[in-house]
Amino acid sequence: MKNFVKYQKMYYMPPKVTYDWVSKDAVDKAPTWCSVDLRDGNQALIEPMSLEEKLEFFDLLVDIGFKEIEVGFPAASETEFMFMRALIEQNHIPDDVTIQVLTQARDHIIRRTFEAIKGAPHAVVHVYNSTSLAQREQVFKKDMAQVKEIAIKGAKLLKDLAEKTDGNFTFEYSPESFSGTEMEYALEVCNAVIDIWEPNENNKCIINLPTTVENAMPHTFATQLEYMHKNLNSRENIILSIHPHNDRGTGVATAELGMLAGADRIEGTLFGNGERTGNVDIITLALNMFSQGVNPGLDFSNMSYIREKYERLTRMHVYERQPYAGDLVFTAFSGSHQDAIAKGMTYREERGEEKWTVPYLPIDPQDIGRRYDSDVIRINSQSGKGGVSYILKQSYGINVPEKMREEVGYLVKDVSDKAHKELTPALVYQIFSENYVNTKPIFHVDEYHIRRGDSTFADVKISRGEEVNTVTAMGNGRLDAVSNAIKQYFNVNYELSFYEEHSLTTGSSSQAVAYVGIQLEKKTYWGVGIDPDIITASIEALTVAVNKLDTLAKQDYITDKRMIEIRNHIQLNYADISLDDLAQAFYLSKPYLSKYIKEKSGMTFGDLVKTIRMKKAKELLKNSSSTVEYISQSVGYPNVEHFNRLFKKEYKLTPLQYRNK
């Protein structure tokens, strides 16, 4: 990068620099907001918006709460002119909203502008001319006096035409390329314009200071602005406005320091759209204030809706890391971040905290319409036990015990790591369920009967393969008695080391969830049971845990590690998986793989895929409003009639009957 020597500072400091703004540590009130999406933003689009699209965007800005909206440059094109007329003649402008139009300080353009705004209930006429040294020398080839005269003539013509045109008008002047203008000269030009307009308490004017091209650090602009703020004529009757661009990537900082230095008003756009690197992002500015307890006066509570309209109408894309609005800005994949967020949320709930202090989240995502389960904690190979546990609790009511969380976290991370995919909450629960709730490869308890006397006795019917035996045992409680029956039958001596339970849901269909941990040779095995009856849930959890004991493992009955990986692979690709795909993924021949699956799972490959697809279909029927045809396609059945037959055979109900039930 040798060419740095050809660059130099392109800004000018005030003759007297003051830093009063530095004593303020925060913005304590919202400025007057002016959206320039329909002018500055629109002219920066590859394909500018049509008249109908601009009308829809205008309505969006009104809904958000903007009271000042720059709607265009009426003299620039017929579309701009007709849009202005449509707003006025079709009564699109609410009584409390002021429209703004832009015009160069040129006679014919100003006159065309007033033709466009005739009859406006209230309009700001924004006139500008460039004042910087570079523009004077290279573009206009005029000296200071000549450029100042352009501003004066424009200001006089605005005043003259306003008196002759039907409507209610406010004047605004911008010394374009302000930050590249000598400060004494910028002040001289602005004061000349002010003297012509003669603003008063009931008829103020706007002086707008743009960083047309950002060429300095934000604090430099703040000192420039403070100089103007302190030296403008009739300052009490001036609305001091700023229009930051983002060429150095510091548009937001420039605007915030500008407010500290005296700015009353800010012009910007949604998501920072604009020429080159864009205008200042009003959403970021407003929500920065919001995050410190200041009412921004704009409503971004439905950010997804705003973003959808913006992207559709502008054909622009909101970057995934765009502050507040991007897909990933609240998302924590990191295990330590997820753990901190989960603990912060728990702390907030337990203490009934009103103030928001959750680590890693500058605002509550729900305040702008985002969701904890899909926007905040998302699961991939970088995630940790805290994030996985949070997803299970938030989405499914499963409050994984602290001692169990590490194992569950590693299990889920491993699936994501091998699949190189992010895992949805539904898939996280499926992995959890397959490994801790529904995994009974060796035996299961068909029935149990409890008898009480001096001790508790349990008659337990245990099914192992095709063998069914009833075992009687004694214990110091119901779960202990059933546990002793299992120990007796398998001749194994594990320790029942952990038990926890809680309610899973509420109401008449409430269910209980029980967690059981057993220890054998210093290794802990976990199981989870879910049932309306807490004892049944406890026995189910115990059964799952014992099924995992290495000493019980027989090749005829147990699903080994490879089979778990095969099932996980099918779960991640169930919609279009084939035996060919699976054989290729695990480097096995199709005949061997087919036989292996049958031996380890007791099902053919086709039946295994069908079972997973049917479970997914049930979930979609229960939790979405998608059509049966869409669900059939999404789970891997292009023929909906075939899907209906399979579903009814599996669950004795058609898909629609299941949904209605």
**Request:** Working to the nearest 0.5 Å, report the span between OG of S497 and CD1 of I518.
**Result:** 8.0 Å

**Asked** Relative to Y494, does K487 satisfy both conditions: NZ or CZ under 6.0 angstrom from the six-membered ring centre, and within 45 degrees of the ring's axis?
**Response** yes

**Request:** Compare every heavy atom of P296 with every heavy atom of A286, then report the nearest pair and how far apart it is.
**Result:** O-CB, 3.5 Å

**Asked** Going by atom types alone, do S291 and N288 pair a side-chain donor with an acceptor below 3.5 Å?
**Response** no

**Item:** Under 3.5 Å: donor-acceptor pair, side chain of Q657, backbone of T654
**Value:** yes

**Message:** Please find the pair of heavy atoms, one from T611 and one from M603, that lie closest to each other, and give the distance.
**Reply:** OG1-SD, 3.8 Å

**Asked** Quick one: does S538's side chain have a donor or acceptor within less than 3.5 Å of a partner on I534's backbone?
**Response** yes

**Asked** Do the rings of F57 and Y310 sit parallel, tilted or perpendicular, given the 30° and 60° boundaries?
**Response** perpendicular

**Asked** Got E540 and I530 here, is their nearest side-chain heavy-atom distance under 4.5 Å?
**Response** no

**Request:** Could you walk me through whether D550 and K523 pass the salt bridge (Lys or Arg N to Asp or Glu O under 4.0 Å) test, one step at a time?
**Result:** CA-CA 10 Å; D550 297 332; K523 183 177 179 181; 3.6 Å; yes

**Prompt:** Any donor-acceptor pair under 3.5 Å linking the side chain of Q322 with the backbone of F271?
**Reply:** yes

**Request:** Please report the C-alpha distance between F605 and I570 in whole Å, then the side-chain angles of each, then the deciding distance to 0.1 Å, and finally whether the side-chain contact (heavy atoms from CB on, under 4.5 Å) criterion is met.
**Result:** CA-CA 10 Å; F605 167 77; I570 294 173; 4.2 Å; yes

**Prompt:** Do the side chain of E311 and the main chain of V318 share a donor and acceptor less than 3.5 angstrom apart?
**Reply:** yes

**Fill in**
To the nearest 0.5 Å, atom CD of Q584 lies from atom CG of D581 at 7.0 Å

**Message:** Is a donor from one side chain sitting under 3.5 angstrom from an acceptor on the other, for S578 and D580?
**Reply:** no

**Asked** Under a 4.0 Å N-O cut-off, is there an ion pair linking K309 with D59?
**Response** no

**Request:** Decide yes or no for D281 and N273: does some side-chain heavy atom of the first lie under 4.5 Å from some side-chain heavy atom of the second?
**Result:** no

**Prompt:** Taking the side chain as C-beta and beyond, is there a heavy-atom pair between V358 and E353 under 4.5 Å?
**Reply:** no

**Approximate separation, where rounding is to 0.5 Å, of L427 CG and Y429 OH** = 13.0 Å

**Prompt:** Is V516 close to Y525 at the side-chain level, that is, under 4.5 Å between some pair of heavy atoms?
**Reply:** no

**Message:** Looking at T543 and I539, would you say the former's side chain and the latter's main chain have a donor-acceptor pair under 3.5 Å?
**Reply:** yes

**Request:** Go through the steps to decide whether E467 and R464 satisfy the test salt bridge (Lys or Arg N to Asp or Glu O under 4.0 Å), and finish with yes or no.
**Result:** CA-CA 5 Å; E467 295 182 16; R464 181 183 183 192; 5.5 Å; no

**Request:** In sequence, state the C-alpha distance, the side-chain angles, and the governing distance for E641 and R645, and then conclude on salt bridge (Lys or Arg N to Asp or Glu O under 4.0 Å).
**Result:** CA-CA 6 Å; E641 288 80 11; R645 288 194 298 271; over 6 Å; no

**Message:** Would the distance check show the side chain of D414 and the main-chain N or O of Y410 forming a donor-acceptor pair, the cut-off being under 3.5 Å?
**Reply:** no

**Asked** R405 side chain to V400 main-chain N or O, any donor-acceptor pair under 3.5 Å?
**Response** yes

**Request:** Would you kindly check if the NZ (Lys) or CZ (Arg) of K618 is within the cone defined by 45 degrees around the ring axis of Y651 and under 6.0 Å from the six-membered ring centre?
**Result:** yes

**Request:** Decide whether Y347 and T357 meet the rule of one side-chain donor and one side-chain acceptor closer than 3.5 Å.
**Result:** no

**Request:** Let me see the working for R312 and E308 under salt bridge (Lys or Arg N to Asp or Glu O under 4.0 Å), right down to the final yes or no.
**Result:** CA-CA 6 Å; R312 175 170 54 83; E308 182 278 324; 3.1 Å; yes

**Message:** Side chains of D446 and H444 only: does a donor on one sit below 3.5 Å from an acceptor on the other?
**Reply:** yes

**Message:** Closer than 3.5 angstrom, by distance alone: can the side chain of Y515 be matched with the main-chain N or O of N399 as a donor-acceptor pair?
**Reply:** yes

**Request:** May I ask you to establish whether R613 and Y637 are in a cation-pi arrangement, using a distance under 6.0 Å from NZ or CZ to the six-membered ring centre and at most 45° from the ring axis?
**Result:** yes

**Message:** Please check this pair: side chain of R370 against backbone of Y324, looking for a donor-acceptor N/O pair closer than 3.5 Å.
**Reply:** yes

**Request:** State, with a plain yes or no, whether a side-chain heavy atom of T439 is found less than 4.5 Å away from one of V544.
**Result:** yes

**Asked** Without hydrogens or angle criteria, can the side chains of T472 and D459 be said to hold a donor-acceptor pair below 3.5 Å?
**Response** yes

**Request:** Determine, stepwise, if the pair L593 / I566 fulfils side-chain contact (heavy atoms from CB on, under 4.5 Å).
**Result:** CA-CA 10 Å; L593 180 59; I566 288 172; 3.9 Å; yes

**Request:** Apply the test side-chain contact (heavy atoms from CB on, under 4.5 Å) to residues K403 and W526: give CA-CA distance (whole Å), side-chain angles for both, the deciding distance (0.1 Å), then the verdict.
**Result:** CA-CA 10 Å; K403 292 182 179 180; W526 294 96; 3.9 Å; yes

**No-hydrogen, no-angle side-chain donor-acceptor test under 3.5 Å, N438 and S433** = yes

**Asked** Should we say atom CZ of R478 is surrounded by more than 12 heavy atoms from elsewhere, each under 6.0 Å from it?
**Response** no

**Request:** Look up atom CG in D364 and atom CZ in F290, then write down how far apart they are to the nearest 0.5 Å.
**Result:** 8.0 Å

**Message:** Does this structure show an ion pair linking K461 with E447, if we count only N-O contacts that are shorter than 4.0 Å?
**Reply:** yes

**Request:** Under the side-chain contact (heavy atoms from CB on, under 4.5 Å) rule, what do D531 and Q511 come out as? Steps first, then yes or no, please.
**Result:** CA-CA 5 Å; D531 194 87; Q511 289 189 305; 5.6 Å; no

**Complete:** In terms of heavy-atom contacts, D327 and R307 come closest through OD1-NH1, 2.8 Å

**Request:** Determine yes or no for a side-chain-to-main-chain donor-acceptor pair under 3.5 angstrom, with S634 supplying the side chain and Y630 the backbone.
**Result:** yes

**Prompt:** Side-chain donor-acceptor pair under 3.5 Å between E500 and H502, yes or no?
**Reply:** no

**Asked** Can you tell if the side chain of Q366 reaches within under 4.5 Å of the side chain of R371, non-hydrogen atoms only?
**Response** no

**Prompt:** Once you round to the nearest 0.5 Å, how far does CG of D63 lie from CG of D299?
**Reply:** 9.0 Å

**Asked** Where is the tightest heavy-atom contact between S632 and V640, given as atom of each residue plus distance?
**Response** OG-CA, 3.5 Å

